[in-house]
Amino acid sequence: MARRVYLDNAATTNVSVEVINEMIPCFNMLYGNANSLHGFGREAAGIIDRARDRVAKAINAAKSSEIYFTSGGTEANNWAIYGIAHAYAKKGKHIVTSQIEHHSVLATFARLKEEGFEVSYVPVDANGIVSLAELMHVIRPTTTLVSIMGVNNEVGTIQHIKAIAKTVHEKGAIFHCDCVQAITCMPIDVQELEIDSATISAHKIHGPKGIGALYLKNGIKIRPLIVGGEQEREKRGGTTNVPAIAGFGRAIETTVRELPVYTKKMKQLSDYFIAQVREKIEHVRLNGHSSQRARSIVNFSFECIEGESILLLLDMEGIAVSTGSACASGSLEKSYVLKAMRIPDEIAQGTVRFSFGRNVSKDDVDFVVEKLVQVVAKLRSFSPITKAGRKGGKK
Amino acid sequence: MYNKRVMQEFVNPQNAGGMKGANGIGQVGNMACGDVMKIYLRIDENEVIQDARFKTFGCAAAIATTSIATQLVKGKTIAEALEIKNSQIVDILGGLPQNKIHCSVLAEEALKAAVSDYYDRKEKEAKGIKKAAVNAED
């Protein structure tokens, strides 16, 4: 089979063998409904309890009962924002987020705005870092909720999570943190970081798709989003997805355990990749913070050519990447993240995200660089934009 | 997203690159919108397009449509070239995604811009000759 290299681990990851093994018995042996009183049900409930403990431990939640399983990151973000905003609507109707959040956050804010809530969007700097001064400035006595992501999925910038939490708490509001990307690349200790509510998802950490969790600190009120069942302590209806939850528990446990080794490997690989690209291709720009960034995410803009063309030609070579945000491809809309970082449109057009993962080797990186040099040279050879000249690479 | 025909044209575009001695050059689109197309034509004294090439900044559809446009006009008279419609380009490509149809429109516009550049040049040339003639009389 022809060589294939998957560099889109920020979009999703493969399910690891140990996770699959954890899940398999839940399909055909331990198939009970976790809410049933009989033995089959109790067995399933036991699996859920174990997975809940694992998730709680992975993010250092004070109690396992602070973890609520959801159908994924999108539901957890939707629920946290919608549910907290509504639960505290009597206190105030002002809510705050940043300009670079995931669609699942921005769309919920947009809906709440339609419902009569007031929404403020905090800007970011050129590196994608949320301005604390601006945040302090926008929070008012009527602000109930601030939602800011831990790590951006497009450029990998890491926010000052604890400083944001402290700022939000000083003003008496609740802090929700979308940690879907953060959990892949940094230790998330919800008590240490003073997070009130956090979203995590399994499929970014070699777990199955369709399962995530909301961490909700004891005492924070939330209005349920999915109703019609006693599950998740009457907060989230729906038959518990036992196999996925079992897999999630295993995946997050492994991720946290391997984090120091993994981050070191990601740093080595991506530093090598960045150095190689800069040496061999002219007029390339690295977006996001140079060091305060998820090392697995490398976001490059190649001047004078367009991202989709690069993506498709790399795909022909068996290399999978994404243009900006995978969720945004298919639409003609430019990346709002790069826009918020005030990256000029013409530079943003040539943006490609390379996201590394467990199963990428240095050899793979060499292969990708070789093909990338060819692809960029080819597209630049017939680009009408002259700034970068006609050479794709240095001779 | 794209069919095989579009991908084939995108991966192996025909007439890609600039041209020396072009006498009609048209550029449309802008970087902010994500597409810039430049078409080069060499038109002989009988107004027949002898050669056509292109340079394109943009997505796969932008590259494929300009490639087709340059192939279509080669050997045609200007009058025939101006008859080319974007839908013809889309048909040759076996269809484009709805949100990429605008690329074919841009390709048609780039072609028209190149022809109009040719006429502009001719006009200037004629004026130049006239001017030169007037100067000669002085």
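For the numbers below, each heavy atom of this structure counts, side chains included, while hydrogens, waters and symmetry mates do not. Throughout, protein chains are lettered first and strands after them, A, B, ... in sequence-line order, and every chain is numbered starting at 1. Computed from a predicted model, the values in this text were never measured in an experiment.
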- Would you name the heavy atoms of A:Lys378 and B:Asn12 that are closest together and state the gap between them? NZ-N, 4.5 Å

- Query: For A:Arg111, does the CZ atom sit with more than 12 other heavy atoms under 6.0 Å from it, leaving out its own atoms?
  - Reply: no

- Task: Measure the CD-CG distance between A:Glu306 and B:Asp35 for me, rounded to the nearest 0.5 Å.
- Result: 7.0 Å

- Query: By a 4.5 Å heavy-atom criterion (distance strictly below it), what part of B:Pro13 contacts chain A: side chain, backbone, both, or neither?
  - Reply: side chain

- Count the heavy atoms of every other residue, nucleotide or ligand shown that sit under 6.0 Å from NZ of A:Lys113, and state whether that count exceeds 12. no

- Message: Could you go through B:Phe57 and A:Gln349, starting from their C-alpha distance and side-chain angles, then the distance that decides it, and tell me whether this counts as side-chain contact (heavy atoms from CB on, under 4.5 Å)?
- Response: CA-CA 10 Å; B:Phe57 164 90; A:Gln349 294 287 359; 3.7 Å; yes

- Report yes if some heavy atom in the side chain of A:Leu312 is under 4.5 Å from a heavy atom in the side chain of B:Tyr2; otherwise report no. yes

- Message: Counting only non-hydrogen atoms closer than 4.5 Å, does A:Glu308 touch chain B with its backbone (N, CA, C, O), its side chain (CB onward), both, or neither?
- Response: side chain

- Under 4.5 Å from any heavy atom of chain A - which part of B:Phe54: both

- For the candidates B:Cys59, B:Gly34, B:Gly17, which exhibits the highest count of non-hydrogen atom pairs separated by less than 4.5 Å from chain A? B:Cys59

- Can you see which heavy atom on A:Ser309 is nearest to which on B:Ile63, and at what distance? OG-CD1, 3.6 Å

- Calculate, to the nearest 0.5 Å, the distance between atoms CD1 and OG1 belonging to A:Ile385 and B:Thr56 respectively. 9.5 Å

- Task: Count the heavy atoms of every other residue, nucleotide or ligand shown that sit under 6.0 Å from NZ of A:Lys339, and state whether that count exceeds 12.
- Result: no

